[in-house]
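Right, one structure below, let's go through it.
Keep in mind that what you see is a predicted model, and the values were worked out from it rather than measured. Counting begins at 1 with the first residue of the sequence.
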Amino acid sequence: MAAALLGIAVMTLDALIVNVALPAIGRDFGNGMTGLQWVVDGYALMFAALLLSAGSVTDRLGARRAFGAGLAVFVTASAACGLAPNLGMLVAARLVQGSGAAMIAPASLALIREAFPDSARRARAISIWAAASSVGAAAGPVAGGLLSQVSWRMIFFVNLPIGLVALLLLTRTARSPRRPAPFDWTGQIAAVTAMGALTYGAIEAGAAGFGAPLVQAAFGLSVVMAAVFLARQARGAYPMVPPALLRSRAMGVAAAVGFAINVGFYGMVFLLSLYLQESRGLSAPAAGLAFVPMTVSTAFISPTSPWFAARFGARMPIVTGQFVMAAGLAILSLAPASTPTWALVALMVPVGAGGSLALPSVTTLLLDRVPAERAGTAGGVLNAARQLGGALAVAAFGALVTHAAGFHDGLRFSLLLAALLVLLASTANLLLHPAARL
C-alpha cells in the first residue's frame, strides 16, 4: 500500500507540476505556446497511449514486477528531464517519463486489488489511493511554483528520492500472480498513433488553424487508426483490451466520467497557471500557492467517497461530485476579468473537490465488476481515458486561447466547454444503470 501510494502520488504530481514552471521554461528555451503545450502533453500523451497495453502487461508480468519496472523508467527519465539542454530533449524525456508513469498507474491499482481481497476494505484502500492521486495532482502547481524559484529543473529532480523510497518498499512485497500471453503490437501501435495524431492535430490547430491541411490530415489519421485499434481488439487472438471490457457499460461509464473530470481539472490548472502569471502578474510561488485551498479540499473530500457510496449508493458521490465540479467550472467561466484573485482561488475549490468525490467511487465501482486477473487491464483503460482527457484539454484549450481575441476570452470559453462536458458525463451516469459483473 505504501509503495502504491508513493508511486501514484509522484506520477500524478508530475502530470501537473510543470504547469506553473512553464513561463520559466519558455524564457530559458525561448519557445511559445506550442512548445510549452508539448512539455505538458508529451507526458500525458505517452501516459494515455501506453496505459492500455500497460494494463495487460501488468496482468502478464505481475503487478509487483510491472510497478518496479515502470517506476525505474520514471525515475531515470525524471533525471533526464532535469538535465535537458534544450526543449527538444526535454519533450523527449517527458515522453519516456510518461511511458514509465503508464506502467505505474494500473500496477498500483492491481497491487491494492491483490492486497485487499475483501470488497469493503478494498473500497477504503482505493479511497486512500485516490486521495494520494488527487493530492499529488493538486499539489503539482504548488510544488512547481516553489521549486521553480530555485530552478525549474528541480521539479524533476524531486522525483528521484521519492521514487527510490517506493522501490525500496516494493522489495518487501509478495510476488504477484501472472497471466502470460503474447503482446498485441498491432493494437498498441494503432493506439499510440491514434492518440498521438489527435493530440498533435489539436495542438497544431492553435498555430495553423483547424482548417490547415496538416491538422486535418492528423485528425483523419487518428480516426483511421482508432478504427484499426477497435477492429484489432474485436478480432485479435490476444487483444490488449478484451471485447467484454469494451462492451461493458460499467467500463464505458467509468471511462466517460474519468475523461470528463480530467478535461475539467487539467484544463483549469493549465489555463489558470498561465493566466495568474501572465495576466495577473503573480510570481511562480504565488501562482502555485493559489492552488493550496483546492489541494486541501481534495485531501479531505476523497476519503469521504466510500462513506457516501455505502450510505446512498455508488452513483451518488459520482453524480454529485460531477455536478459540483461542473458548477465550479461554469462559475469560473462567467467570472469577469475584474474578479479578485482571492475569488478565483475560492472558485477552484469546488472543481477539485467535486472530482475527488467522484473518482474513488468510479474506480471502486469498476473494480468490483471485474475479476482480479483483469484488474490491471480495467485500471489501464480507466486511466487511459483520464489521461487522454487531460492531454486533449491542454491541446484544445491552448489552441482556443491562442485564437481568441484575448487570453481571458479564450479562458472563459474553454472553462465553459469543460463544464458542459462534465455535466454531460454526470447526466449519462445518472441515466445509465451499471452493468452486471464481467
* Structure fact -> d(F74 CZ, L167 CG) to nearest 0.5 Å is 11.5 Å

* Asked: What are the two closest non-hydrogen atoms of A335 and L344, and how far apart are they?
  -> CB-CD2, 4.3 Å

* To do: Could you tell me whether the side chain of T193 and the main chain of A190 form a donor-acceptor pair under 3.5 Å?
  => no

* To do: Find the distance between CE (M195) and CG (L45) and round it off to the nearest 0.5 Å.
  => 8.5 Å

* Asked: Is there a side-chain contact between N159 and V75 (heavy atoms, below 4.5 Å)?
  -> no

* Could you grab the distance from atom CG of L332 to atom CG of L411, nearest 0.5 Å is fine? => 8.0 Å

* Asked: Taking the side chain as C-beta and beyond, is there a heavy-atom pair between L417 and L400 under 4.5 Å?
  -> yes

* May I ask you to decide if S273's main-chain N or O and Q277's side chain share a donor-acceptor pair within less than 3.5 Å? => yes

* For the student: nearest non-hydrogen atoms of A287 and V20, plus distance -> CB-CG1, 4.3 Å

* Asked: Do NZ/NE/NH1/NH2 and the carboxylate oxygens of D41 and R94 come within less than 4.0 Å?
  -> no

* **Aromatic ring pairing Y200/W38, orientation class (parallel under 30°, perpendicular over 60°, tilted between)** => tilted

* To do: Would you check, one step at a time, whether the test side chain to side chain contact (heavy atoms under 4.5 Å, CB included) holds for V73 with M103?
  => CA-CA 9 Å; V73 170; M103 191 68 75; over 6 Å; no

* Donor-acceptor pair, R153 side chain versus A84 backbone, under 3.5 Å? -> yes

* Structure fact -> Shortest non-hydrogen pair, V324 vs P350, comes out as CG1-O, 3.5 Å

* To do: Using a cut-off of 6.0 Å, state whether more than 12 heavy atoms not belonging to F219 lie near its atom CZ.
  => yes

* What heavy-atom pair brings S99 and L50 nearest, and what distance separates the two atoms? -> CB-CD1, 3.3 Å

* Roughly how far, to the nearest 0.5 Å, is the CG atom of L359 from the CG atom of L382? -> 7.5 Å

* From L109 CG over to F67 CZ, what is the distance, rounded to the nearest 0.5 angstrom? -> 10.5 Å

* Hey, are the side chains of V10 and V158 touching, using non-hydrogen atoms and a 4.5 Å cut-off? -> no

* Looking at F270 versus Y266, is the centre-to-centre ring distance below 6.0 Å? -> no

* Does the T12 side chain pair with the main chain of A9, one donor and one acceptor, at a distance under 3.5 Å? -> yes

* To do: Say whether, by atom type as modelled, one donor and one acceptor occur between the side chain of S108 and the main chain of A105 under 3.5 angstrom.
  => yes

* Counting N and O atoms only, with roles assigned by atom type, does the side chain of Q322 sit under 3.5 Å from a partner on the main chain of I261, one being a donor and the other an acceptor? -> no

* **Test item: L392 and T199 side chains (from C-beta on) under 4.5 Å apart, heavy atoms** => yes

* Reported CZ-to-CG distance for the pair F397 and L274, which is rounded to 0.5 angstrom -> 13.5 Å

* **Working for side chain to side chain contact (heavy atoms under 4.5 Å, CB included), residues M268 and L415** => CA-CA 7 Å; M268 181 199 71; L415 293 176; 4.1 Å; yes

* Run the side chain to side chain contact (heavy atoms under 4.5 Å, CB included) check on I17 and D14 step by step: do they pass? -> CA-CA 5 Å; I17 196 171; D14 238 62; 3.9 Å; yes

* To do: Would you check if F29 and V39 make a side-chain contact, meaning some heavy-atom pair closer than 4.5 Å?
  => no

* Structure fact -> On a heavy-atom basis, the closest approach of F229 and G187 is CD1-O, 3.3 Å

* Asked: Under 3.5 Å, is there a donor-acceptor pair between the side chain of Q97 and the main chain of A77?
  -> no

* To do: Check whether any side-chain heavy atom of S414 lies under 4.5 Å from a side-chain heavy atom of L271, and answer yes or no.
  => yes

* Asked: Does R232 reach the side chain of W185, with side-chain heavy atoms less than 4.5 Å apart?
  -> no

* Asked: What are the two closest heavy atoms between G42 and L95, and how far apart are they?
  -> O-CD2, 3.2 Å

* Heavy atoms, side chains only, cut-off 4.5 Å: are M294 and F265 in contact? -> yes

* **V292/V296 under side chain to side chain contact (heavy atoms under 4.5 Å, CB included): CA gap, chis, key distance, verdict** => CA-CA 6 Å; V292 168; V296 173; 4.2 Å; yes

